[in-house]
Amino acid sequence: MTSPRVLILFAHPALEKSRVNRVLADAVRDLPGVTFRDLYQHYPDLDIDVEVEQELLGAHEIVVFQHPLYWYSTPAIIKEWFDLVLQHGWAYGSDGTALVGKQVLTVTTTGSSEESYQPDGLNLYSLRQLLAPVQRTAEFCGMEYLPPFGIHSSFSLTGEEVAGHAADYRRVIEALRDGRLDRAKAKTLPKINADLDSLLGGRS
Ligand SMILES: Cc1cc2nc3c(=O)[nH]c(=O)nc-3n(C[C@H](O)[C@H](O)[C@H](O)COP(=O)(O)O)c2cc1C
């Protein structure tokens, strides 16, 4: 492999308190073909370097946003990143074609249970519905949006369960990197990790 294909943009504003995202990050940060970038570490004051971010995007084919779900959305730095980096004439508009054809995946964790993210549950909307702004932003820029990798009930997961999700995350990133993930099938699922074995052609 000559250059990294996957860019993971990681955002956790209180990493010292993290139980789940920290373990997920450790499972993928050193993978060959993957660039792992901690946005809050680079930009603690949200002072995003647009040129650097655009250059990184240009150099990768798959963009992953990994973060805890905060107030039914992304942590603030990802919204700031969208607002500043996805410029007219570069990311969208008649001359803005820099991102066309790239793939986008959200990897996120929630405190509430999976059942609560149903029409008759506490949160009324599914994770996929709540992430519609990210999906539409990606699609508006000509990118292909995959269903999210979602992990629920973060506070009650055992260490073993967290490790299992981290191993699944690693498998998804490796499969995306290697072009082995069945994206057409994935798009029929509410979450990319709802039925991983069927997307990856069995356990590897
Ligand atoms: C500011 C804030 C907002 C949150 N908003 C939500 C939310 O909207 N829905 C939810 O299910 N959990 C919410 N949570 C819980 C986090 O999603 C949860 O703590 C996180 O996913 C756990 O991952 P970690 O162990 O890596 O921190 C929120 C937590 C914080 C601190």
Side-chain angles (χ1 to χ4, degrees), residues 3-111 127-128 130-146 148-151 154 166 169-170 172-173 176-177:
S3 58
R5 276 169 50 87
V6 183
L7 175 64
I8 300 179
L9 297 172
F10 176 76
H12 197 308
L15 192 52
E16 69 286 352
K17 295 187 191 150
S18 167
R19 269 194 75 224
V20 185
N21 279 280
R22 170 188 293 280
V23 178
L24 295 180
D26 286 345
V28 295
R29 69 169 79 239
D30 294 327
L31 275 177
V34 172
T35 302
F36 182 88
R37 188 164 173 80
D38 181 339
L39 289 177
Y40 278 107
Q41 186 186 45
H42 282 280
Y43 308 117
D45 300 320
L46 274 64
D47 190 10
I48 290 172
D49 187 329
V50 172
E51 221 173 287
V52 166
E53 296 302 314
Q54 289 183 345
E55 235 170 75
L56 277 166
L57 282 173
H60 295 80
E61 289 153 60
I62 300 154
V63 184
V64 177
F65 295 102
Q66 185 200 329
H67 58 84
L69 197 75
Y70 273 11
W71 294 120
Y72 304 106
S73 184
T74 69
I77 201 166
I78 292 184
K79 180 61 164 63
E80 183 75 350
W81 184 98
F82 284 149
D83 294 353
L84 298 182
V85 177
L86 304 181
Q87 287 177 334
H88 179 259
W90 186 81
Y92 68 98
S94 49
D95 297 329
T97 55
L99 302 175
V100 172
K102 296 183 191 289
Q103 298 161 44
V104 176
L105 172 71
T106 288
V107 176
T108 195
T109 60
T110 76
L127 198 51
R128 189 153 185 190
L130 291 165
L131 291 167
V134 179
Q135 172 166 357
R136 277 307 306 148
T137 300
E139 290 170 349
F140 195 79
C141 297
M143 297 191 275
E144 180 185 343
Y145 187 79
L146 298 163
F149 184 109
I151 300 172
S154 62
Y169 179 28
R170 186 179 168 95
V172 166
I173 297 299
L176 282 172
R177 178 198 64 190

So, taking the atom named [atom1] in [X] and the one named [atom2] in [Y], what distance separates them when rounded to the nearest 0.5 Å?
| X | Y | atom1 | atom2 | answer |
| --- | --- | --- | --- | --- |
| Thr109 | Leu69 | OG1 | CG | 7.5 Å |
| Leu39 | Glu53 | CG | CD | 6.0 Å |
| Ile8 | Ile173 | CD1 | CD1 | 4.5 Å |
| Leu131 | Tyr72 | CG | OH | 13.0 Å |
| Leu105 | Ile62 | CG | CD1 | 9.5 Å |
| Ile77 | Leu9 | CD1 | CG | 10.0 Å |

If the condition is salt bridge (Lys or Arg N to Asp or Glu O under 4.0 Å), which residues does [X] pass it with, not counting sequence neighbours?
| X | answer |
| --- | --- |
| Glu80 | none |
| Arg19 | none |
| Asp26 | Arg29 |

Which atom pair, heavy atoms only, marks the closest approach of [X] to [Y]?
| X | Y | result |
| --- | --- | --- |
| Ala25 | Gln66 | N-NE2, 3.9 Å |
| Gln41 | Pro44 | O-CD, 3.6 Å |
| Arg22 | Glu16 | NH2-CA, 3.5 Å |
| Pro68 | Ala11 | CD-O, 3.2 Å |
| Gly111 | Ser154 | CA-OG, 3.5 Å |
| Ala138 | Val104 | CB-CG2, 3.9 Å |

Working note: Val64 + Val172, criterion side-chain contact (heavy atoms from CB on, under 4.5 Å); need CA distance, chi angles, decisive distance, verdict. CA-CA 11 Å; Val64 177; Val172 166; over 6 Å; no
Only counting residues at least two apart or in another chain, list the ones meeting side-chain hydrogen bond (donor to acceptor under 3.5 Å, both in side chains) with [X].
| X | result |
| --- | --- |
| Arg170 | none |
| Thr35 | His60 |
| Asp83 | Lys79 |
| Glu139 | Gln135, Arg136 |

Please list, chain by chain and in numerical order, all residues satisfying side-chain contact (heavy atoms from CB on, under 4.5 Å) with Pro133, sequence neighbours excluded.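 Pro133 satisfies side-chain contact (heavy atoms from CB on, under 4.5 Å) with no other residue.
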So, do [X] and [Y] sit near enough that their side-chain heavy atoms are less than 4.5 Å apart?
| X | Y | answer |
| --- | --- | --- |
| Val63 | Leu99 | no |
| Val28 | Val107 | no |
| Arg37 | Val52 | yes |

If the plane angle is over 60° it's perpendicular, under 30° parallel, otherwise tilted; pick one for Tyr169 and Phe149.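 Tilted: the ring planes of Tyr169 and Phe149 meet at 30° to 60°.
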Tell me, please, which residues at least two apart from [X] pass ring-ring contact (aromatic ring centres under 6.0 Å, His included).
| X | value |
| --- | --- |
| Tyr43 | none |
| Phe36 | Phe10 |
| Phe65 | Trp81, Phe82 |

Answer yes or no: is there a donor N or O on one side and an acceptor on the other, between the side chain of Arg5 and the main chain of Gly33, under 3.5 Å?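 No; judged by distance alone, with no hydrogens or angles, the pair does not exist.
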Got a donor-acceptor contact below 3.5 angstrom from the Arg177 side chain to the Pro32 backbone?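 Yes, because the side chain of Arg177 sits within donor-acceptor range (under 3.5 Å) of the backbone of Pro32.
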Any side-chain hydrogen bond (donor to acceptor under 3.5 Å, both in side chains) involving residues 87-104? Give me the pairs, sequence neighbours left out, ordered by first then second residue.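 Found Gln54-Gln87.
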